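The next block holds one structure in the form of structure tokens; read it before the comments.
Since this is a predicted model, take the numbers as computed values, not measurements.
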Amino acid sequence: MNAPATTELPVVVIGAGPAGLAAAAHLIDQGIEPLVLEAGPAVGAAVREWSHVRLFSTWGEVVDPAAEKLLAPTGWMRPDPATYPSGGDWAEQYLQPLADVLGERVRTGATVTGVSRAGRDRIVDADREQQPFVVHVAHADGQEERLFARAVIDASGTWTTPSPAGGSGLAALGEKAAADRITYRVPDLKDPAVRGRYAGKRTAVIGSGASAFTALAYLADLAKSNDGAGTKGVWILRRGISGSTFGGGEADQLPARGALGLAAKAAVDEGHADAVTGFRTEAIERADDGRLVLVGEDGRRLDPVDEVIVLTGFRPDLSFLDELRLGLDERLQAPVALAPLIDPNQHSCGTVYPHGHRELSHPEQGVYLVGMKSYGRAPTFLAMTGYEQVRSVAAAIAGDLESADRVELTLPETGVCGGAGLFDAPDAAEADGGGCCAPAPQLVRLGAPATAAATAGEEAPAGGCCGS
């Protein structure tokens, strides 16, 4: 089968989550047909898996403008912009209606297994950029399909590839064998079966971000309930506790995000969780009674726990993009020009330099990683960042570089600052007085003129965290 002319082809969007569906809306706004491929059985499949978790962003911050424009003729109205949706609310009240409007442009149960150039593997140069993209798809019924595209936007996220418990980035010895007592998700303690798994039990929570805060708060609530007597959390931190450990607290301009850190601190202060610092897990062993013993790289052995919740972040699945020429940072696995702007080794403040198609581009022209996947292993991301990314990318694909380069972004400050956030470096200073960037945090308006797009050789401004 010969590939059709590139200009006649749709843009394939991988993933029907918030960024993927927003990308489709922006493509339509540019007069370009999208085709959205979702591996899960429904749109927002990943979001639905954490449907019980409440976002720390309000409705006013998680609805894309182009998507809202598509929804308006149906009579859809955004919920109160000042209220906080759960993952389930977001999926059912926004993502599903948006997918319904997009109709046959969205296909579920369609797993992308490979992307390349038609007739060109990654080695071949000849006429490469003139060839359309070829996308191989495996459907839920076992059928396989080959599709052609003028461009590819990968918004598949990182949800399916959580990072392991091991402190070296590899699974701890025995981690896979202990899978029956380990989860890599925040448990839904409103589900009776799940609640029974943790009630009255000793549970290790490995991680230091918003997900770990949430899990600790949930376990503390369970411990204080009538059916949760004896519930105890053991919070495993790879670094020490400093003023910034619990986030921005009351200084965070996303109040719900700040409250998560305060809830985690309360869990420790009230005795519902013990904090174990500077512990990097090397092995997970099975005790005689079936419980698990965590062993650190320094030889420490912790008291046995009944369950382990691993919340150490996520990493991108790049396997199906192996035939494309991607330019990725060797540390974060994020686009080379974006990586220094979000590197958690350097930045942990609440500002992100505005970025769009130029920072998200690759040597393989016409392919973009957007949304959570664009951040690679960096732990910080907000939906509004993804919406601005796809707006810029859609404009670039349409050839409207003036609009594509006019990237603007408004992000709320975390109230926490300081680099060296990933390791206990001797010179990593602890913040004073709770770790606030300034006595009074301010909402920073960021805007980049069309000529100021960052390149890999430019010095990155300070900042970079925008929530996780």
Subject >> Evaluation steps, side chain to side chain donor-acceptor pair (under 3.5 Å), between T183 and R197 >> reply: CA-CA 11 Å; T183 183; R197 176 175 174 176; 5.6 Å; no
**OP:** Measure the acute angle between the ring planes of Y375 and F381, then classify it against the limits of 30° and 60° as parallel, tilted or perpendicular.
**Re:** perpendicular
Expected list for residues 214-222: side-chain donor-acceptor pairs under 3.5 angstrom, two or more places apart:
unit_1, atom_1, unit_2, atom_2, d
T214, OG1, A210, O, 2.9
Y218, OH, H52, O, 3.4

Subject >> Test item: P79 and Q93 side chains (from C-beta on) under 4.5 Å apart, heavy atoms >> reply: yes
**OP:** Write down the atom of P335, the atom of L328, and the distance for their closest heavy-atom approach.
**Re:** N-CD2, 3.9 Å
Original post:
E282: what forms a side-chain contact (heavy atoms from CB on, under 4.5 Å) with it, not counting sequence neighbours?
Top reply: E297
Original post:
Y184 and V310: side chain to side chain contact (heavy atoms under 4.5 Å, CB included), yes or no, with the steps?
Top reply: CA-CA 5 Å; Y184 299 85; V310 181; 3.5 Å; yes
Original post:
Looking at residues at least two apart in the chain, or sitting in another chain, which of them share a side-chain contact (heavy atoms from CB on, under 4.5 Å) with R377?
Top reply: R315, P316, Q333
Original post:
Do the ring planes of W59 and Y94 sit parallel (below 30°), tilted (30 to 60°) or perpendicular (above 60°)?
Top reply: perpendicular
Original post:
Are side-chain heavy atoms of D306 and T203 found at a separation under 4.5 Å?
Top reply: no
Original post:
Okay, side chain of E359, backbone of G356: is any donor-acceptor separation there less than 3.5 Å?
Top reply: yes
**OP:** Apply side-chain contact (heavy atoms from CB on, under 4.5 Å) to S361 and list each qualifying residue two or more places apart in sequence or on a separate chain.
**Re:** Y368
**OP:** Could you list the residues that satisfy side-chain contact (heavy atoms from CB on, under 4.5 Å) with S392, not counting sequence neighbours?
**Re:** H357, A404, V407
Subject >> Validation row: L332, L338 side chains within 4.5 angstrom (heavy atoms) >> reply: no
Original post:
Looking only at atom types and distance, does a side-chain atom of R325 sit under 3.5 Å from a main-chain N or O of P363, one as donor and one as acceptor?
Top reply: no
Original post:
Quick one: does S156's side chain have a donor or acceptor within less than 3.5 Å of a partner on I14's backbone?
Top reply: no
Original post:
Where do L382 and F56 land on the side chain to side chain contact (heavy atoms under 4.5 Å, CB included) test, with the steps shown first?
Top reply: CA-CA 10 Å; L382 285 178; F56 50 62; 3.8 Å; yes
**OP:** Compare every heavy atom of G376 with every heavy atom of A334, then report the nearest pair and how far apart it is.
**Re:** CB-N, 4.1 Å
**OP:** Check for a donor-acceptor pair, side chain of R238 on one end and backbone N or O of R280 on the other, with a separation under 3.5 Å.
**Re:** no
Subject >> Distance, nearest 0.5 Å, that separates CZ of R391 from CG of D29 >> reply: 10.5 Å
Original post:
In Å and rounded to the nearest 0.5 Å, what is the CG to CG distance from L326 to D154?
Top reply: 9.0 Å
Subject >> Any donor-acceptor pair under 3.5 Å from E49 side chain to A46 backbone >> reply: no
Original post:
Atom CZ in F213, atom CH2 in W235: separation rounded to 0.5 Å?
Top reply: 5.0 Å
**OP:** State, with a plain yes or no, whether a side-chain heavy atom of R105 is found less than 4.5 Å away from one of E33.
**Re:** yes
**OP:** Please lay out, stage by stage, how I28 and L102 fare under the test side chain to side chain contact (heavy atoms under 4.5 Å, CB included).
**Re:** CA-CA 9 Å; I28 291 172; L102 292 169; 3.4 Å; yes
Original post:
Could you give the distance from CD (E38) to CZ (R107), rounded to the nearest 0.5 Å?
Top reply: 14.0 Å
**OP:** Before accepting this row, confirm whether a basic side-chain N of the pair D180/R286 lies closer than 4.0 Å to the acidic partner's carboxylate O.
**Re:** yes
Subject >> Flag side-chain contact, heavy atom, 4.5 Å: V186 against S211 >> reply: yes
Original post:
Okay, side chain of S86, backbone of R54: is any donor-acceptor separation there less than 3.5 Å?
Top reply: no
Original post:
For D317, which residues count as a salt bridge (Lys or Arg N to Asp or Glu O under 4.0 Å) partner, sequence neighbours excluded?
Top reply: none
Subject >> Nearest non-hydrogen partners of L237 and A275, listed with the distance >> reply: CD1-CB, 4.4 Å
**OP:** Kindly compute the distance separating CG (L360) from CD (Q389), expressed to the nearest 0.5 Å.
**Re:** 5.0 Å
Subject >> Charged N-O contact under 4.0 Å between R48 and E92 >> reply: yes
Original post:
Can you tell me how far the NE2 atom of H136 sits from the CD atom of E145, to the nearest 0.5 Å?
Top reply: 10.5 Å
**OP:** State whether the side chain of R146 and the backbone N or O of V134 hold a donor-acceptor pair below 3.5 Å, judged by distance alone.
**Re:** no
Original post:
What closest approach, in Å, do R150 and I397 show between heavy atoms, and which atom pair accounts for it?
Top reply: NH2-O, 3.8 Å
Original post:
So with a 6.0 Å cut-off around CD of E330, is the heavy-atom count from everything else above 12?
Top reply: yes
Original post:
Taking C-beta and beyond as the side chain, do W159 and R185 meet within less than 4.5 Å on heavy atoms?
Top reply: yes
**OP:** Return the minimal non-hydrogen interatomic distance between V62 and Y387, and the atom names on each side.
**Re:** O-OH, 2.7 Å
Original post:
Got a donor-acceptor contact below 3.5 angstrom from the S403 side chain to the D400 backbone?
Top reply: no
Original post:
Considering all heavy atoms of both residues, which atom of A165 and which atom of T281 are nearest to each other, and what is their separation?
Top reply: O-CB, 3.6 Å
**OP:** Show the numbers, then the answer: is there a side chain to side chain contact (heavy atoms under 4.5 Å, CB included) between L302 and I236?
**Re:** CA-CA 10 Å; L302 303 185; I236 311 298; 3.4 Å; yes
Original post:
Does D343 use its side chain to pair, donor to acceptor, with the backbone of P340 at less than 3.5 Å?
Top reply: no
Subject >> Salt-bridge present (R122, E364; N to O < 4.0 Å) >> reply: no
**OP:** Determine the sole option in L70, V106, L21 for which the side-chain contact (heavy atoms from CB on, under 4.5 Å) test with V101 is passed.
**Re:** L70
Original post:
Do E175 and V308 have side-chain heavy atoms sitting under 4.5 Å apart?
Top reply: no
**OP:** Report yes if some heavy atom in the side chain of I206 is under 4.5 Å from a heavy atom in the side chain of L294; otherwise report no.
**Re:** yes
